[in-house]
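Data first, discussion second: the structure below is written as structure tokens.
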2 protein chains.
Amino acid sequence: MIKVLLVDDHQLFGEGVRSMFKPTDGIEISRITTNGHQIPSILEEEKIDVILMDISMPNIDGIGAMQLLKQKGFDVPILMLTMHQDMKYIKRTLEGGAQGYILKDASKQELTEAIQKVSRRENYFHPKINNQIFNFLRGDKGSSDVDLVGQLSDREKEIIGCIVKGLNSKAMADTLFISEHTVKTHRRNIMHKLGVKNTAELVTFSLEKGIV
Amino acid sequence: MIKVLLVDDHQLFGEGVRSMFKPTDGIEISRITTNGHQIPSILEEEKIDVILMDISMPNIDGIGAMQLLKQKGFDVPILMLTMHQDMKYIKRTLEGGAQGYILKDASKQELTEAIQKVSRRENYFHPKINNQIFNFLRGDKGSSDVDLVGQLSDREKEIIGCIVKGLNSKAMADTLFISEHTVKTHRRNIMHKLGVKNTAELVTFSLEKGIV
DNA sequence: TTCATGATACCACTTTGTTGGTATGGGGTA
DNA sequence: TACCCCATACCAACAAAGTGGTATCATGAA
């Protein structure tokens with residue numbers, strides 16, 4: 001029996017998946033939590049074979065939760081469950097060390113197969129995203145938006161967050177306790193790194209790429 | 001036994017919800033489809049008491065599907081199931097004549113109650129969104145994001161589209177074959193209508209509310 | 001017809017954003 | 001140590017956005 005910890009902020013989804021598996025399936029959703037921060041304590045309480053986790057969650061997102069687990073030294077295979085099939089998410093998931101990636105748009109059969117493979121520490125990727133991974137690995141420059149985001153420093157992301165919220169340079173300076181000159185320097189560097197030519201484009205890019 | 005037709009593009013979710021209900025619950029997910037266009041033929045084949053439908057779906061969205069059913073003369077109570085709690089969706093759902101609105105973020109108990117109420121043609125609204133509806137019905141300008149969007153003219157939405165794409169006023173003027181003065185007038189009117197104080201906020205608002 | 005609205009256009013002015021530099025101190029790495 | 005990156009800071013100048021007016025014309029509703 002494979003014991004699964006399900007991490008998803010949608011209760012209905014969690015309970016649904018749990019009741020989907022019968023003992024004969026060899027899979028049991030033994031724990032459910034809606035908060036990624038609770039994963040460590042659950043892993044300490046109970047033997048868990050696979051973590052099935054949503055990427056987009058309110059408190060801490062799936063990728064953040066993965067990093068947290070890695071830092072704390074936990075080594076449980078993680079199967080990411082999500083509705084996003086953007087390369088952005090896939091890449092960040094793989095970089096974070098997930099064992100597999102499956103879409104909410106999958107069948108029970110596919111999920112079962114995925115959980116089984118991941119529990120054996122084999123990789124699983126949902127067929128729908130295999131193509132994208134394949135294309136990405138061919139390394140065409142076209143898909144290098146991701147790198148642009150990766151080049152941003154934490155402070156720069158913070159600045160972007162403020163811009164998106166509508167703060168102007170002066171307000172940001174006051175909020176972050178730095179000079180307006182500094183804010184402007186950051187803005188300039190950000191725009192250069194992202195290759196955008198004005199604030200509007202910066203905001204659009206940031207929201208679409210999920211920087212904020 | 002209440003017979004439910006579930007319409008959701010995420011197979012896993014559908015199968016999950018189906019296996020969540022036991023005969024003793026008095027609710028049965030008797031049919032599942034991932035395509036809203038198939039609803040009419042299913043309703044003709046089988047007696048359905050409640051349609052449980054996701055709003056965001058690829059082929060035809062939940063709201064479109066509702067309109068389709070109304071046009072074809074079907075009168076089955078519809079419970080909208082979604083992860084969006086923006087007033088935009090709620091309003092469009094209610095206008096479309098749905099009997100209830102529940103979040104994916106709900107518990108099995110809540111879903112059960114919702115299905116039962118809707119099957120009796122009572123309204124059901126998830127607690128989380130009740131406040132929003134309440135505020136909205138009071139018609140305070142403050143909470144009526146929806147009205148803000150509704151007040152925009154087509155031309156203004158077009159301008160917003162250009163701004164979001166990163167065009168500046170001069171570029172827009174050239175693109176739309178109008179004077180730069182006119183573009184600025186539009187920008188001003190848009191910002192006033194949406195209650196934002198700069199372009200960054202305008203872009204954020206527009207992308208989040210789905211104006212573009 | 002009268003009225004309201006939307007799209008268009010112009011002017012003058014202020015504020016903010018954008019670009020071009022330069023520079024210093026701290027932290028980490030080759 | 002020398003080097004690079006990051007956050008910080010300043011100056012000057014130009015471009016763009018934003019503010020406060022006013023105004024015309026067409027359209028559709030009252």
Side-chain angles (χ1 to χ4, degrees), chain A residues 67 70-71 95 144 146-209 211-212, chain B residues 139 141 144 146-209 211-212:
Chain A
Q67 290 168 341
K70 200 188 282 177
Q71 277 174 10
E95 284 171 348
S144 59
V146 188
D147 285 326
L148 296 181
V149 176
Q151 284 168 6
L152 293 169
S153 71
D154 289 343
R155 193 57 155 179
E156 285 164 347
K157 288 177 194 164
E158 201 175 357
I159 297 282
I160 291 175
C162 292
I163 295 174
V164 166
K165 274 189 279 187
L167 275 67
N168 63 19
S169 298
K170 177 68 175 60
M172 274 182 261
D174 293 344
T175 305
L176 303 174
F177 303 108
I178 55 179
S179 142
E180 192 180 337
H181 298 292
T182 307
V183 172
K184 288 192 171 187
T185 303
H186 282 307
R187 292 183 83 128
R188 183 189 346 201
N189 294 337
I190 290 166
M191 287 197 293
H192 182 248
K193 284 186 180 178
L194 299 184
V196 297
K197 61 185 179 307
N198 57 33
T199 302
E201 211 180 340
L202 192 162
V203 172
T204 301
F205 186 92
S206 302
L207 289 176
E208 284 184 349
K209 299 294 169 184
I211 296 175
V212 284
Chain B
K141 297 288 184 301
S144 53
V146 188
D147 281 327
L148 298 182
V149 176
Q151 284 168 8
L152 293 168
S153 70
D154 288 345
R155 192 58 153 179
E156 285 164 347
K157 287 177 193 163
E158 200 175 359
I159 298 281
I160 291 175
C162 292
I163 294 173
V164 165
K165 274 189 279 188
L167 275 67
N168 62 21
S169 297
K170 178 69 173 62
M172 275 182 260
D174 293 344
T175 305
L176 302 174
F177 303 108
I178 55 179
S179 143
E180 194 181 336
H181 299 291
T182 307
V183 173
K184 286 196 171 189
T185 303
H186 282 308
R187 293 183 81 128
R188 180 186 351 197
N189 294 337
I190 290 166
M191 287 197 294
H192 182 248
K193 284 186 181 178
L194 299 184
V196 297
K197 60 186 180 307
N198 56 33
T199 302
E201 212 180 339
L202 191 163
V203 172
T204 301
F205 185 93
S206 302
L207 290 176
E208 286 185 348
K209 300 293 169 186
I211 296 176
V212 283

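Labels below follow one simple rule: chain letters A, B, ... track the order of the sequence lines, proteins then strands, and each chain is numbered from 1. If you're wondering where the values come from, they're calculated on a predicted model, not measured in any experiment.
- At most 12 heavy atoms of other shown residues, nucleotides or ligands fall within 6.0 angstrom of atom NZ in B:K170.
- Within the 4.0 Å cut-off from OP1 or OP2 of D:dG20, not a single side-chain nitrogen or oxygen of B:R188 is found.
- Remark: side-chain polar atoms of B:T204 are not paired, donor with acceptor, to backbone N or O of A:K165 under 3.5 angstrom.
- Taking every side-chain heavy atom of A:T185 into account, D:dC10 is the closest of C:dT8, D:dC10, C:dA9.
- At a cut-off of 3.5 angstrom, the base of D:dG18 holds no donor-acceptor pair with the side chain of B:R187.
- Rounded to whole Å, the distance from CZ on B:F177 to P on C:dA7 is 18 Å.
- At least one side-chain nitrogen or oxygen of A:H186 sits closer than 4.0 Å to the OP1 or OP2 atom of D:dT8.
- Comparing B:H181 and A:K170 against DNA chain C, the residue whose closest nucleotide sits nearer the 5' end is B:H181.
- Distances were taken from every side-chain heavy atom of A:S153 (C-beta onward) to each of C:dA7, D:dC6, D:dT8; the shortest belongs to D:dC6.
- In terms of phosphate contacts, A:T182 brings no side-chain nitrogen or oxygen within less than 4.0 Å of OP1 or OP2 of D:dA7.
- In this structure, B:D154 atom CG and C:dT5 atom P are separated by 17 Å, rounded to whole Å.
- Remark: C1' of D:dG18 and CD of B:E180 are 13 Å apart, rounded to the nearest angstrom.
- Regarding B:K197, its NZ atom lies at a distance of 10 Å from the P atom of C:dG17, rounded to whole Å.
- Counting non-hydrogen atoms under 4.0 angstrom, B:N189 reaches nothing in the nucleic acid.
- Among D:dT19, C:dT19, C:dG6, the nucleotide with an atom closest to any side-chain atom of B:M191 is D:dT19.
- For the atom pair A:S206 OG and A:E201 CD, the distance stands at 10.5 Å (nearest 0.5 Å).
- Heavy atoms of B:S169 sit under 4.0 angstrom from primed sugar atoms or phosphate atoms, though from no base atom.
- Taking for each of B:K184 and B:L176 the nucleotide of DNA chain C with the nearest heavy atom, the 5'-most of the two is the partner of B:L176.
- Across the protein-nucleic acid pair, A:L194 atom CG and C:dT18 atom C1' stand 15 Å apart, rounded to whole Å.
- One can place CD of A:E201 at 14 Å from C1' of C:dT18, the figure rounded to the nearest angstrom.
- Within 4.0 Å of B:S179, counting heavy atoms only, lie sugar-phosphate atoms of the nucleic acid but no base atom.
- Atom-to-atom distance recorded for B:F205:CZ and B:I190:CD1 is 12.0 Å, nearest 0.5 angstrom.
- D:dA7 atom C1' lies 12 Å from atom CD1 of A:I190, rounded to whole Å.
- Rounded to whole Å, the distance from CG on B:N168 to C1' on D:dC14 is 14 Å.
- A 4.5 Å side-chain heavy-atom check between A:L202 and A:M191 finds at least one atom pair inside the cut-off.
- A distance of 11.5 Å separates NE2 of B:H186 from CG of B:L152, quoted to the nearest 0.5 Å.
- Between A:T199 and the phosphate of C:dT18, there is a side-chain N or O to OP1/OP2 separation shorter than 4.0 Å.
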